[in-house]
Amino acid sequence: MKKILSYKNRLLFTAIISMLTYLQIAWDYFHDGVPTHYLFQSGSLPGISNWWGVLVMPLIVWIILHRIKQREEKDSSAQNFSRIRLIVIRFVSALLVAITISILFNISSSGLDYIMIGLFILAIFIPLFYIEYLLGFIIGAAFTFGVGIPTLFGPVLLLIFAIIYKLPRIVISLFHKK
C-alpha cells in the first residue's frame, strides 16, 4: 500500500488531474469563454466560475489521496492487493457514474432521475460513502459542472449515503439486542 500511495504517486496523479483541468480551462477560455455554473441552474443564485478549478481541483485530489493513504495505514488488516483493487473499483465506478450523469444532464434525459434514485437504493446495501467515491465523482462531473458544483454536492451525497447505509443497521441492532 505504501508504494501505491507513495508521495511520488500521489503527486503524479494530482499533476495529471490538474493538467487535465488546466487544459479544459484553456480550451474554454479560447473558445466561448470560461463558463460559470449556477446553483440549481438559477441565475438568481450565486455562480461558481470554472476558474476556481485551477485552485480547487489539485487541492481536492491531494487531500483525498492523503486521506485514503491515512485510512489504509491505520487499517492494514487485509491484503494489500485486495484493498488497492477495492479502492480502484470504488473510484472508477464513481467516475463512470459521474460521467453518465453528466451525459444524461447534457442531453436532458429523464434517465438522470433513475440513476439518482438507483444510487439511493444501492446505498442501502453498499457503503457508497467512502472518500474514493467522492474523488471519482468530482473528477467525472467536473467537465460538465465545473469543479465547484460537484465539490459542494459530493460531500452532501456521501453524508446521505452514509445515513442511508448505517441508520437501518443501527435500528436493527437496537431491536436485535432485546
Side-chain angles (χ1 to χ4, degrees), residues 1-7 9-10 13-14 17 37 39-41 45 48 53 56-106 109-178:
M1 182 59 70
K2 290 180 182 176
K3 289 182 182 180
I4 298 295
L5 291 174
S6 68
Y7 180 82
N9 288 344
R10 287 182 287 148
F13 188 76
T14 302
I17 297 300
H37 302 277
L39 297 174
F40 304 110
Q41 295 182 330
L45 293 174
I48 302 170
V56 173
M57 184 62 93
L59 186 63
I60 288 172
V61 172
W62 182 259
I63 289 170
I64 291 176
L65 290 176
H66 181 71
R67 295 285 299 158
I68 292 170
K69 183 176 186 293
Q70 283 181 330
R71 182 189 71 211
E72 293 305 311
E73 285 177 348
K74 284 182 185 177
D75 184 24
S76 59
S77 60
Q79 295 176 340
N80 285 343
F81 179 74
S82 62
R83 294 187 67 89
I84 293 168
R85 189 170 144 243
L86 186 58
I87 290 169
V88 171
I89 288 171
R90 289 174 180 158
F91 168 75
V92 170
S93 62
L95 182 72
L96 294 175
V97 167
I99 290 170
T100 304
I101 287 171
S102 297
I103 291 169
L104 293 176
F105 179 83
N106 281 332
S109 173
S110 63
L112 179 59
D113 299 333
Y114 297 113
I115 287 183
M116 293 308 294
I117 291 168
L119 286 174
F120 290 123
I121 292 170
L122 195 59
I124 297 169
F125 307 104
I126 298 173
L128 297 178
F129 52 85
Y130 286 102
I131 199 160
E132 48 265 30
Y133 286 118
L134 179 62
L135 183 60
F137 177 76
I138 291 172
I139 292 171
F143 183 76
T144 298
F145 302 105
V147 176
I149 301 295
T151 301
L152 291 174
F153 287 107
V156 173
L157 279 174
L158 259 58
L159 178 62
I160 293 169
F161 292 155
I163 292 169
I164 290 172
Y165 184 80
K166 292 183 176 191
L167 188 62
R169 285 158 180 76
I170 292 169
V171 171
I172 289 171
S173 70
L174 291 175
F175 287 113
H176 186 64
K177 289 181 181 179
K178 291 183 180 182

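Every heavy atom of this structure was used, including side-chain atoms; hydrogens, water molecules and symmetry mates were not.
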If you compare all heavy atoms of [X] against all heavy atoms of [Y], which two are closest, and at what distance to 0.1 Å?
X      : Y      : answer
Ala141 : Pro150 : CB-CG, 3.7 Å
Ala98  : Gly136 : CB-O, 4.1 Å
Thr14  : Trp62  : OG1-CE3, 3.5 Å
Ala94  : Tyr133 : CB-O, 3.2 Å
Ala142 : Met57  : CB-CE, 3.7 Å

Value rounded to 0.5 Å, distance of [atom1] in [X] from [atom2] in [Y]:
X      : Y      : atom1 : atom2 : result
Glu72  : Arg83  : CD    : CZ    : 4.0 Å
Phe13  : Ile139 : CZ    : CD1   : 4.5 Å
Ile163 : Phe120 : CD1   : CZ    : 11.0 Å
Glu132 : Ile87  : CD    : CD1   : 5.0 Å
Ile115 : Leu104 : CD1   : CG    : 4.5 Å
Thr144 : Ile149 : OG1   : CD1   : 12.0 Å

Parallel, tilted or perpendicular: ring planes of Phe129 versus Tyr165, cut at 30 and 60 degrees: tilted
CA sep, side-chain torsions, deciding dist, call: Leu135, Arg90, side chain to side chain contact (heavy atoms under 4.5 Å, CB included): CA-CA 9 Å; Leu135 183 60; Arg90 289 174 180 158; over 6 Å; no
Arg169 atom CZ, over 12 foreign heavy atoms within 6.0 Å: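 Buried by this count: over 12 neighbours within 6.0 Å.
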side-chain contact (heavy atoms from CB on, under 4.5 Å), paired with Leu119, selected from Val97, Ile126, Ile164: Val97
Candidate pair Leu5 and Asn9, rule side chain to side chain contact (heavy atoms under 4.5 Å, CB included), full reasoning: CA-CA 6 Å; Leu5 291 174; Asn9 288 344; over 6 Å; no
Stepwise side chain to side chain contact (heavy atoms under 4.5 Å, CB included) check, Leu65 with Lys69: CA-CA 6 Å; Leu65 290 176; Lys69 183 176 186 293; over 6 Å; no
Phe105 ring center near Phe145 ring center (under 6.0 Å):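 Ring-ring flag for Phe105/Phe145: true, centres closer than 6.0 Å.
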Test item: Leu157 and Met116 side chains (from C-beta on) under 4.5 Å apart, heavy atoms: yes
